[in-house]
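Let me begin by presenting the structure, written as structure tokens, before commenting on it.
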Amino acid sequence: MAHLVLVETTPTAGFKIVQEAVALGHEVTFVAESLDPYLAAEGGEEAVRTPTRIRTGITTADPGSLREELERLHREHPVHGLLALSEGHLPAIAEAAHALGLPFESPETTKRLRNKHEVRLLLDDAGVPQPAFRQALTAEEAVAAAEELGYPVVVKPADGFGSVRVGVAETAGEVAELAEAVLATRVYGRGITGIGVVLLERYVPGPVVSCEMLTVDGAHHPYGCVDKMLSPPPYPVELGGCFPAELPDDVRDAVVDVCARALDAAGVRRGHTHTEVVLGPEGPAIIEINGRLIGGYVPTMMNHVLGRNVYHDVIDLALGGSPRPSAAHGVGCIRALTAPAAGVLAGIGADAARRGPGVAEVMLHARPGRRVRPARDNFDRLGFLITTGATAPQARAAAEAAHDRVEVRVTPEPEGREPEAPEGVVA
């Protein structure tokens, strides 16, 4: 039996790895700045009871504070591995792992992956296909960069995650508005601070997929690709996807190859990565590399068709093991639930969806009384449903049919009130 530490996570999906670790006989300590974001989610009280012990009141995004807390915990009860699912906390976790001599990606690589512009420069030097890009420190610089790149452009924070403050701009005015929002975002919550740098990228038309990879000692092993259903512009929120993505063999191989080259260029040696790729007119091009397991309930969806538990691989890797992915049997699909209008969530009726053909799971994490809006970023997703099928069209059709059976009830906002972004943690 080992002692594992999970530093922050996502509600309530992020506690599934704790459930799996406990079921395997391990002890898990959950370390968080506060439990409030987790308790705010539907089922949060039950989820936070899963860890063996809980430590709060720690500035978990600060490397020094987190290292001191984990060193103290290690002296009291030796720590054998660190679990990391929260994007913004990865650099602090990597430094703590290094200080404790625990298996983890290097602090240098982990910190590098949190700066999308720095990664773009490395990919450029290595000749890895990607969109043309520019960095901007002011709205005026952003507009000038967009004019140079050519419209439309994607505007995003250089250190963002969860699709927060990401948009597609067609005009100088839209660029300025999006850039100002990025520059004003200096706090992401849970102690994560922003650097206030805008990254602009030439918009590349084409479907978007992600490649889920496991890297051990610099060797990259793919689980497969996940296709993506994105909300319409200007806010490209991930609303769903199927695994494994239905791709021609040569396209799938090209995606895996370009992702492996990108990970090599970024210096990735150990860990799970979630790399997003656009299948553009000139072939696959890297959108971004995320140095952690794909988020939310997507690993649960993958588990339904892999015949193995992806979270077991994360745990094995954290303990110094060398797991390997296995082939999928059938196709899984995940579909997000969102609000049809801005207002206050009155409730979600999902019983009919649960009884639908091909439905494997329905998970709701938004409580009635929460302020909601049509999706602008991943914080706006209210729950998910998972379906399976023999083929991608079957699984996708089952997901859409089940989605249509869900009733999201919203009490409208008073007329003229601007919808606000909900508070919480990306699920």
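Between L239 and R335, some side-chain heavy-atom pair lies under the 4.5 Å cut-off. Residues V31 and L6 form no side-chain contact, since every pair of their non-hydrogen atoms from C-beta on lies 4.5 Å or further apart. Looking at L70 and V5, their side chains come closer than 4.5 Å, going by heavy atoms from C-beta outward. Side chains of V208 and L230 form a contact here, defined as non-hydrogen atoms less than 4.5 Å apart. You'll find the side chain of V226 stays beyond 4.5 Å of the side chain of V209, heavy atoms only. At a threshold of 4.5 Å between non-hydrogen side-chain atoms, the residues L122 and R112 count as touching. Residues F384 and V298 have side chains not in contact (no heavy-atom distance under 4.5 Å, counting atoms from C-beta outward). Between L337 and H403, the closest side-chain pair of non-hydrogen atoms falls below 4.5 Å.
Here the side chain of R324 pairs a donor or acceptor atom with the backbone of S322 at under 3.5 angstrom. A side-chain donor-acceptor contact under 3.5 Å links T109 to the backbone of G267. Not a single donor-acceptor pair under 3.5 Å links the side chain of R134 to the backbone N or O of L200. A distance-only check finds no donor-acceptor pair linking the side chain of T59 to the backbone of A61 [under 3.5 Å]. H26 contributes a side-chain N or O that, together with a main-chain N or O of A2, makes up a donor-acceptor pair within less than 3.5 Å.
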**Request:** Apply the test side-chain contact (heavy atoms from CB on, under 4.5 Å) to residues T10 and F15: give CA-CA distance (whole Å), side-chain angles for both, the deciding distance (0.1 Å), then the verdict.
**Result:** CA-CA 7 Å; T10 60; F15 288 94; over 6 Å; no
**Item:** Pair F30-L35, side-chain contact (heavy atoms from CB on, under 4.5 Å): steps then yes or no
**Value:** CA-CA 10 Å; F30 180 52; L35 292 182; 3.9 Å; yes
**Asked** Do R269 and E105 pass the salt bridge (Lys or Arg N to Asp or Glu O under 4.0 Å) test, and can you show the C-alpha distance, the side-chain angles, and the key distance before you say yes or no?
**Response** CA-CA 6 Å; R269 299 285 303 168; E105 182 58 86; over 6 Å; no
**Message:** For a side-chain contact (heavy atoms from CB on, under 4.5 Å) check, start with the C-alpha distance between E238 and R381, then their side-chain angles and the critical distance, and finish with the verdict.
**Reply:** CA-CA 9 Å; E238 296 178 17; R381 300 179 300 189; 4.0 Å; yes
**Request:** Dump the intermediate steps for side-chain contact (heavy atoms from CB on, under 4.5 Å) on L306 and H329, then the final yes or no.
**Result:** CA-CA 6 Å; L306 280 176; H329 300 280; over 6 Å; no
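Heavy-atom minimum distance, P299 versus G296: CD-O, 3.5 Å. Residues A339 and L382 come closest through the heavy atom pair N-CD1, 3.7 Å. Counting all heavy atoms, side chain and backbone alike, V305 lies closest to G332 at CG1-N, 3.5 Å. Between R114 and P91, the shortest heavy-atom distance links the atoms CG-CG, 3.5 Å. The two residues A353 and V359 make their nearest non-hydrogen contact at O-CG2, 3.3 Å. Of all heavy-atom pairs spanning C333 and M301, the tightest one is N-CG, 3.7 Å.
Electrostatic pairing of E201 and R120 counts as a salt bridge here, judged by a charged N lying under 4.0 Å from a carboxylate O. At a threshold of 4.0 Å, the pair R292-E87 counts as salt-bridged, since one of the basic side-chain nitrogens sits closer than that to a carboxylate oxygen. Look at R396 and D227 and you find a salt bridge, because one of the NZ, NE, NH1 or NH2 atoms lies within 4.0 Å of a carboxylate O, short of that distance. Using a cut-off of 4.0 Å between Lys/Arg side-chain N and Asp/Glu carboxylate O, D159 and K116 are scored as not salt-bridged. Note on D264 versus R261: no salt bridge recorded, every NZ/NE/NH1/NH2 to OD/OE distance being 4.0 Å or above. Of the charged side-chain nitrogens involved, at least one lies within less than 4.0 Å of a carboxylate oxygen, so that R367 and E45 count as a salt-bridged pair.
Between the OG1 atom in T110 and the CZ atom in F104 there is a gap of 5.5 Å [rounded to 0.5 Å]. For the atom pair CD of E108 and CD of E95, the computed distance is 8.5 Å after rounding to the nearest 0.5 Å. Between L199 atom CG and E118 atom CD the span is 12.5 Å, to the nearest 0.5 Å. The OH atom of Y297 sits 7.0 Å away from the NE2 atom of H365 when rounded to the nearest 0.5 Å. Annotation: the span from K156 atom NZ to R165 atom CZ amounts to 15.5 Å, rounded to 0.5 Å. Once rounded to the nearest 0.5 Å, the distance linking CG of L83 with OG1 of T9 reads 9.0 Å.
Sparse packing is recorded around NE2 of H98, with 12 or fewer heavy atoms of other residues, nucleotides or ligands lying under 6.0 Å away. Atom CD of E177 is surrounded by 12 or fewer heavy atoms from other residues, nucleotides or ligands within 6.0 Å.
If you check the side chains of T29 and E27, you find no donor sitting under 3.5 Å from an acceptor. Donor-acceptor pairing under 3.5 Å is lacking for the side chains of T60 and E33. For the residue pair T388 and H304, no side-chain donor N or O sits within less than 3.5 Å of a side-chain acceptor on the partner.
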Would you list the atom pairs, donor with acceptor, under 3.5 Å between side chains in residues 309-320 and any protein atom, with sequence neighbours excluded?
residue: N309; atom: OD1; partner: Y311; partner atom: N; Å: 2.9
residue: N309; atom: ND2; partner: E20; partner atom: OE1; Å: 3.4
residue: N309; atom: ND2; partner: E20; partner atom: OE2; Å: 3.3
residue: H312; atom: NE2; partner: E20; partner atom: OE1; Å: 2.9
residue: D313; atom: OD1; partner: R308; partner atom: NH2; Å: 2.7
residue: D313; atom: OD2; partner: Y223; partner atom: OH; Å: 2.6
residue: D313; atom: OD2; partner: R308; partner atom: NE; Å: 3.2
residue: D313; atom: OD2; partner: R308; partner atom: NH2; Å: 3.4

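The side chain to side chain contact (heavy atoms under 4.5 Å, CB included) test with Y203 singles out one residue from V154, V278, V155, and that residue is V154. Just one residue in the list T273, T275, I289 forms a side chain to side chain contact (heavy atoms under 4.5 Å, CB included) with M213, and that residue is T273.
Separation of the H117 and F133 ring centroids falls under the 6.0 Å cut-off.
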